[in-house]
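Contents: one structure, followed by commentary.
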Amino acid sequence: MNPTTTKLAPVDASTLPPYAPTTYIDYSQPQNRSAYEQALATVRAAMGQEAPLVIGGERFKGSKTFESTNPARPSEVVGRFQLATTEQANQAIETAWRTFATWSRVPAAERAAYLIEAARRMRERRNLFSAWMTLEIGKSWGEADADTAEAIDFMEFYAREMLRYDRPDPLVQMPGEKDQLVYLPLGVGVVIPPWNFPLAITVGMTTAAVVTGNTVVLKPASDTPAIAWQFFQLMEEVGLPPGVINFLTGSGGVVGDPLVKHAKTRFVSFTGSREVGIGINKLAAEVQPGQIWLKRVVAEMGGKDGIIVDDEGDVAAAALGVAQSAFGFQGQKCSACSRAIVVQKVYDEFLTRLQAEVAKLTIGEPDQYGAWMGPVSSKNAFEKILSYIEVGKQEGRLIAGGQRIAGKDGYFIEPTVIADVKPDARIAQEEIFGPVLAVIPVKDYDEALRVANGTDYGLTGAVYSKNPHKLERARQEFFVGNLYLNRKCTGAMVGAHPFGGFNMSGTDSKAGGRDYLLLFLQAKSIAEKIG
Ligand code: NAP
């Protein structure tokens, strides 16, 4: 396809309905079920194709190609993608830089129109986008649908947010002056998402940067380039000018450094592991020859999220909430509960109830209806998680799971619970990013809060207690970016639960919140003498 620019009519804020989160599809309904089966068949028929790099709307080959495969059946190739070179990374930044000159001058309401139109088309093809995720990264139908719904919500929300930032700022007016504050885009951004929310996070990070008037180089995660490619093509289809988003696949270890280092890179928007985030932050801080700004780094990183089960809490609800938070999408969410911190008085009851909840979880091929859990993302992840389970067996008592699922080629691991874990054990401190839960007994609520706060991270956390004083203490003392009271700690909704963490979980950039777009803007104050 030859990309063309379509000038869209500016969004009319007065006719735009208020933002509301997308509701999920109920696949127990036969018509929804057959629609998803059809979407899976359509995606299967489209799989295996080669995608190019796209820089300034032009298609390029890289040095070699790599394959993206289905983690449920690793011999199945989902797509072939280019390994970009350092030169191509530099070329992409230069192109984005040239495009910035024009895109930054496009009125905000026109920029927002591209997001609204893309959201509309994604909504129309919702099951297709989700089916790519089921086949490329092993998301169950429900998890894939939630990911697509979040992507739609990010676009709808950020479009409206841009219109809000575009309205006059209510400044104090000095006598004899017209005083104004306007928000300008920053410049060229490098967008580096992870594979675990391969549509929602990719779309959210990219469209937030673009709707604010920046241009970007999008470097998708190498485990999920196919879904990123679907999104990129959608933005071409709605007529976004070439060069606003440049699509550059390849190894983060190879193209990451040149993208981050480039003197014309103005900001880096990263979501991924702590290790990579720290490296990016360090490299971005080095001022390169010719660079005339300090780069802004938005880094959202890992978690070691804890749920406190208090002796004044609903233990049955807590067991269900912990099981859902720990094992949804195989525990591969930054918000996943990987530590249940349980007050001694209800410890045995909690373990019994948790085992019962875990026993109910269905594991199977994610392209089949009814599989609540599927495979983990890759061979590397599979091996790493199994080795952590071995560590866990030494550090505590295995009470559920602990094995790979026999007879499958894919990377399936049982939901695993290890009880009697000490707060400083490796499995209670290190992010495993898989279906492994450590249960830590504590003597009382004071100790529970201390243990909950006793990691390097601070992303999500939850407390199950009916005691309002204890909940109030959690509000004040539980040091996490996203705190949940008497509910699970996953499932943040755009607009309702702005998402981002403290400490080594990141820069607390609150995706899906009203502060988020400011990260990609700079304010200019203008005072004009009048009269
Ligand atoms: P990752 O290994 O850090 O990779 C994330 C992205 O960084 C990928 O696109 C990767 O590319 C790229 N990358 C790798 N090395 C790089 C380098 N040297 N320079 C620049 N980019 C580089 O993380 P992941 O395994 O994809 O994602 C899981 C992690 O993300 C977990 O720690 C999870 O907690 C975190 N996460 C956090 C949030 C949040 O909001 N806080 C949300 C989701 C996930 P390649 O794929 O090519 O290596």
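Ligands are counted one by one from 1 in listed order, and the atoms in each one are counted from 1 as well.
For F100 and W103, the distance between ring centers is not under 6.0 angstrom. If you look at W141 and Y24, their ring centroids are not closer than 6.0 Å.
Residue pairs satisfying the side-chain hydrogen bond (donor to acceptor under 3.5 Å, both in side chains) criterion with at least one member in residues 279-299, sequence neighbours excluded, are listed as follows: Q291-K295. The list of ring-ring contact (aromatic ring centres under 6.0 Å, His included) pairs with a residue in residues 372-396, not counting sequence neighbours, reads F382-Y411. Legend: side-chain hydrogen bond (donor to acceptor under 3.5 Å, both in side chains) pairs involving residues 216-225, not counting sequence neighbours: none detected.
Ligand 1 is surrounded by I192, P193, P194, W195, N196, I201, K219, P220, A221, S222, G250, S251, G252, G253, G256, F270, T271, G272, S273, V276, I280, E300, M301, G302, G303, C334, E431, F433, L459, F499, S505, each with at least one heavy atom closer than 4.0 Å.
A side-chain donor from one of T148 and S130 sits under 3.5 Å from a side-chain acceptor of the other.
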